[in-house]
Amino acid sequence: MRWLSFILLAATALTLQSAIAPRFELFGVRPDWLLVVVVFFAMHAPPRDAAIGAWIVGGCADLMTIERLGLMALTYTLVAVVVASVRNYVFRDRALTQLLLTLVMSVLARLAWTVYSRLLYDPGQALLVDLTLQVLMASVYTAVWAPVLHKALLRMSRVFGLARPRYTYAGQQRMGTSGV
């Protein structure tokens, strides 16, 4: 992976997340474009690079919050590790796969954040409202953005030094012309 181009993308994504994402707020929820970037690199970069990149993005996201340092970094790193471990079992280039994988990872991350905030702080809203808005609706909204951002990032895969997978039948060359 080319780290300079990744750092430039991470800086751009962090800027867009803090400056533009509030303008895309619907019903009190914002998309988490940083999570989409983390899932993209976990699906296409080498697993070690994906985890390091997720930690960098999470660490920078931690600096934009008033929360304890390391919460976002740990969450995004765990997301990258989980996605990298299952990526060989899914079709990475399919929009439905990108949407569903981002949805599942977003639900798990936001559920963990909700449990964490409820354990440490007094709840401001009812649990059902938090689960509906901050976990379910925010995760769906983030997942809807995933195919669009993945498509744009996949077009720039050479810039990031990422190999694009080619899906072929592994036994096709060995079959030859003899009938089965």
Side-chain angles (χ1 to χ4, degrees), residues 6-7 9-45 50-87 89-90 92 94-153:
F6 172 78
I7 289 172
L9 172 74
T12 303
L14 286 159
T15 303
L16 291 174
Q17 183 67 38
S18 64
I20 305 297
R23 307 250 191 252
F24 285 93
E25 186 173 305
L26 289 176
F27 305 110
V29 296
R30 298 176 185 168
D32 188 358
W33 293 328
L34 299 177
L35 182 77
V36 176
V37 169
V38 166
V39 169
F40 171 79
F41 279 97
M43 289 176 73
H44 298 286
I52 293 169
W55 182 78
I56 290 170
V57 169
C60 292
D62 275 329
L63 296 175
M64 295 188 325
T65 66
I66 58 172
E67 197 54 60
R68 289 174 174 82
L69 189 64
L71 177 68
M72 303 291 282
L74 176 66
T75 306
Y76 286 159
T77 304
L78 290 175
V79 165
V81 168
V82 169
V83 171
S85 67
V86 301
R87 71 182 183 182
Y89 304 107
V90 298
R92 302 179 214 183
R94 303 286 172 121
L96 183 62
T97 302
Q98 297 158 0
L99 184 133
L100 290 176
L101 205 52
T102 304
L103 177 66
V104 169
M105 290 299 109
S106 183
V107 165
L108 292 175
R110 289 183 174 276
L111 191 60
W113 294 338
T114 301
V115 169
Y116 171 82
S117 67
R118 288 211 163 247
L119 288 175
L120 263 58
Y121 308 113
D122 289 332
Q125 300 175 356
L127 179 61
L128 187 60
V129 172
D130 270 350
L131 290 176
T132 303
L133 285 177
Q134 297 306 319
V135 176
L136 187 62
M137 288 186 62
S139 296
V140 169
Y141 193 31
T142 298
V144 168
W145 279 94
V148 175
L149 295 177
H150 277 250
K151 187 174 183 178
L153 291 172

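Along the sequence shown, the residues carry numbers beginning at 1.
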Closest non-hydrogen atoms of Met43 and His150, given as atom of the first, atom of the second and distance, are SD-CE1, 3.7 Å

Residues at least two apart in sequence or cross-chain that pass side chain to side chain donor-acceptor pair (under 3.5 Å) with Arg118, listed by chain then number, are Asp130

For Leu103 and Val144: C-alpha separation, side-chain torsions, deciding distance, then whether side-chain contact (heavy atoms from CB on, under 4.5 Å) applies.
CA-CA 8 Å; Leu103 177 66; Val144 168; over 6 Å; no

Residue set satisfying side chain to side chain contact (heavy atoms under 4.5 Å, CB included) with Ala61, at least two apart, ordered chain then number -> Leu14, Leu34, Met72, Tyr76

The reported gap from CZ in Phe41 to CG in Leu9 (rounded to nearest 0.5 angstrom) is 5.0 Å

Sequence neighbours excluded, the answer for ring pair (Phe, Tyr, Trp, His ring centres under 6.0 Å) partners of Trp33 is Phe24, Trp145

**OP:** Indicate yes or no: at least one non-hydrogen side-chain atom of Val86 is less than 4.5 angstrom from one of Leu101.
**Re:** yes

Ala42 and Ala80 have their tightest heavy-atom pair at CB-O, 3.6 Å

- Might you work through the side-chain contact (heavy atoms from CB on, under 4.5 Å) test for Leu111 and Leu131, ending with a clear yes or no? CA-CA 8 Å; Leu111 191 60; Leu131 290 176; 3.7 Å; yes

Rounding to 0.5 Å, atoms OH (Tyr116) and CG (Leu74) come to a distance of 10.5 Å

With a 3.5 Å distance limit and no angle check, can you tell me whether Thr75 reaches the backbone of Ala109 through a side-chain donor-acceptor pair? no

OG1 of Thr15 to CD1 of Ile20, rounded to nearest 0.5 Å, is 9.5 Å

Correct closest heavy-atom pair for Gly70 and Asp62 would be N-OD2, 2.8 Å

**OP:** Compare all side-chain heavy atoms of Val39 with those of Val79 and state whether any distance is below 4.5 angstrom.
**Re:** yes

Counting N and O atoms only, with roles assigned by atom type, does the side chain of Ser117 sit under 3.5 Å from a partner on the main chain of Thr114, one being a donor and the other an acceptor? yes

Those residues at least two apart in sequence (or on a different chain) that pass side chain to side chain contact (heavy atoms under 4.5 Å, CB included) with Leu99 are Ala143, Pro147

Rounding to 0.5 Å, atoms CD1 (Ile7) and OG1 (Thr12) come to a distance of 11.5 Å

dist Met137:CE -> Arg30:CZ (nearest 0.5 Å) comes out at 14.5 Å

One should read off an interatomic distance between Leu78 CG and Leu108 CG, to the nearest 0.5 angstrom, of 10.5 Å

Legend entry - Test item: Leu69 and Leu63 side chains (from C-beta on) under 4.5 Å apart, heavy atoms: yes

Across all chains, not counting sequence neighbours, the side chain to side chain donor-acceptor pair (under 3.5 Å) partners of Tyr121 are Glu67, Arg68

| task | Would you confirm whether Gln134, through its side chain, and Val29, through its main-chain N or O, come within 3.5 Å as a donor-acceptor pair? | result | no

So the side-chain hydrogen bond (donor to acceptor under 3.5 Å, both in side chains) pairs with at least one residue in residues 97-111 (sequence neighbours excluded) are Ser106-Ser139

Checking Val115, Val107, Val140 against Val135 for side-chain contact (heavy atoms from CB on, under 4.5 Å), the one that qualifies is Val107

